[in-house]
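Working notes, beginning with the structure itself.
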Amino acid sequence: MPQFLDIAAEVQQALRDNKPVVALESTIISHGMPYPQNVATALQVEAEVRAHGAVPATIAIIDGRLKAGLSAQEIEALGQRGRDAIKVSRRDIPFVIAAKQMGATTVASTMIVAAMAGIKIFATGGIGGVHRNAQQSFDISADLQELSQTPVAVVCAGAKSILDLRLTLEYLETHGVPVVGYQSDTLPAFFTRESEFPVDYRLDTPLSIARVLHAKWAMGLKGGMVIANPIPDSFAMPRALIDGAIQQALGEATAQGIGGKESTPFLLARVCELTGGDSLAANIQLVLNNARLAAAVGIELNGVTAKEFI
Ligand code: PSU
Ligand code: MN
């Protein structure tokens, strides 16, 4: 086991027994949702992964140790600390380790730790991306670069339109990251099932996704994949309402000079406040939906891998 990483006993056992494991991130807990719903959701997502036949591994940094698999107490501590927790992307990892601090991992750093642990599938809400006006700000999430180099498939509900979805897709294309629409022809926009931007490939079953992942990795192509899973219809939100809140949040961010790693957490929190409980309920449901698909893909991937190597 790598020197800096602790893998929870349940996760170790699952990896040894070749049972599917689904990685879960922790910035969504600390920075993506308010307390205490963040903690309740994190525990519910773990339960959903288990109920669908896989083992959850929530990833974070605790007292300077990389963790694949957290205790309920550790999840509670991260949730309580909220936006005061250190948001850790790739560049931040060694500093938080050296200072023996607690850190919440983004999509990028969760992928890194998942890959170290040998976990192939990761479920979250939304990935980071190219921000609107990135032509001026250069604000492009490190999540996108990570997807081009680390072999973990990320199941998400697309990306929030706080981002420029068109430029996000262009950037992913440049870096060779495939974007799959699960039963969808377009990139879902997180709170809504569709956007005007077509995905590269539409796949309709977990098995078809697993076959592509196996082919990619078995031939040694590096990097991950975005599996975009639209929010369930009954929880999707009216587009005008969400667009209005996003416009207002973006305006406030510009007025207040918010930038760098603060940008995404600020926008997430403002959109959540401006749309009240509805957007939080939608957010929770889409994460659960992604946990179910990730578990199903994990199960199929183990099956495909076993068959093709025999
Ligand atoms: N988008 C969401 N919810 C989130 C995030 C993004 O809808 O919780 C979090 C994820 O952890 C993601 C991070 O990896 O924000 C991206 O931050 P940045 O743009 O600073 O890379
Ligand atoms: Mn950024």
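In each ligand, atom 1 is the first atom listed, and ligand 1 is the first ligand listed.
Between K100 and D63 there is no salt bridge, since no side-chain nitrogen of the basic residue lies less than 4.0 Å from a carboxylate oxygen of the acidic one. Note on E196 versus R239: salt bridge recorded, some NZ/NE/NH1/NH2 to OD/OE distance being below 4.0 Å. Using a cut-off of 4.0 Å between Lys/Arg side-chain N and Asp/Glu carboxylate O, R50 and E10 are scored as salt-bridged. Comment: R202 engages D204 in a salt bridge, judged by a side-chain N to carboxylate O separation of less than 4.0 angstrom. The residues R132 and D164 are annotated as not salt-bridged, no charged nitrogen and carboxylate oxygen being separated by less than 4.0 angstrom.
Under 3.5 Å, the side chains of E46 and T58 contain a donor-acceptor pair of N or O atoms. Between the side chains of E252 and Q256, not a single donor N or O lies within less than 3.5 Å of an accepting N or O.
For K261, no nitrogen or oxygen atom sits less than 3.5 Å from a nitrogen or oxygen atom of ligand 1, counting backbone and side chain alike. Remark: ligand 1 and E25 share an N or O pair separated by less than 3.5 Å (distance only, no angle test). Annotation: D143 places an N or O atom under 3.5 Å from an N or O atom of ligand 1; distance criterion only.
Looking at V107 against ligand 1, both its backbone and its side chain come within 4.0 Å, counting heavy atoms. For D139, no heavy-atom contact with ligand 1 is shorter than 4.0 Å.
Every heavy atom of H31 sits 4.0 Å or more from the atoms of ligand 1. For the ligand labelled ligand 1, residue K87 lies inside the 4.0 Å heavy-atom shell.
Taking every heavy atom of T27 and a limit of under 4.0 angstrom, the matching atoms of ligand 1 come to 11 (O). Of all atoms in ligand 1, numbered sequentially from 1 with element shown, those under 4.0 Å from a heavy atom of H131 are 19 (O). For ligand 1, the atoms sitting less than 4.0 Å from at least one non-hydrogen atom of K160 are 2 (C), 3 (N), 7 (O), numbered in the order shown with element in parentheses.
With respect to atom 15 (O) of ligand 1, the closest heavy atom belonging to the protein is T264 CG2, 3.5 Å. For atom 6 (C) of ligand 1, the closest non-hydrogen atom on the protein side is G126 O, 3.5 Å. The nearest heavy-atom contact from the protein to atom 21 (O) of ligand 1 is S141 OG, 2.6 Å.
Contact annotation: the side chain of K261 approaches that of I86 to within less than 4.5 Å [non-hydrogen atoms, C-beta and beyond].
Between S161 and D243, the shortest heavy-atom distance links the atoms OG-OD1, 4.0 Å.
At most 12 non-hydrogen atoms from other residues, nucleotides or ligands lie less than 6.0 angstrom from NZ of K19.
Taking the N/O/S atoms of D139 in turn, the shortest distance to the Mn ion (ligand 2) belongs to OD1.
With atom 4 (C) of ligand 1 as the reference point, the heavy atom nearest to it among I29, T124, L268 is part of L268.
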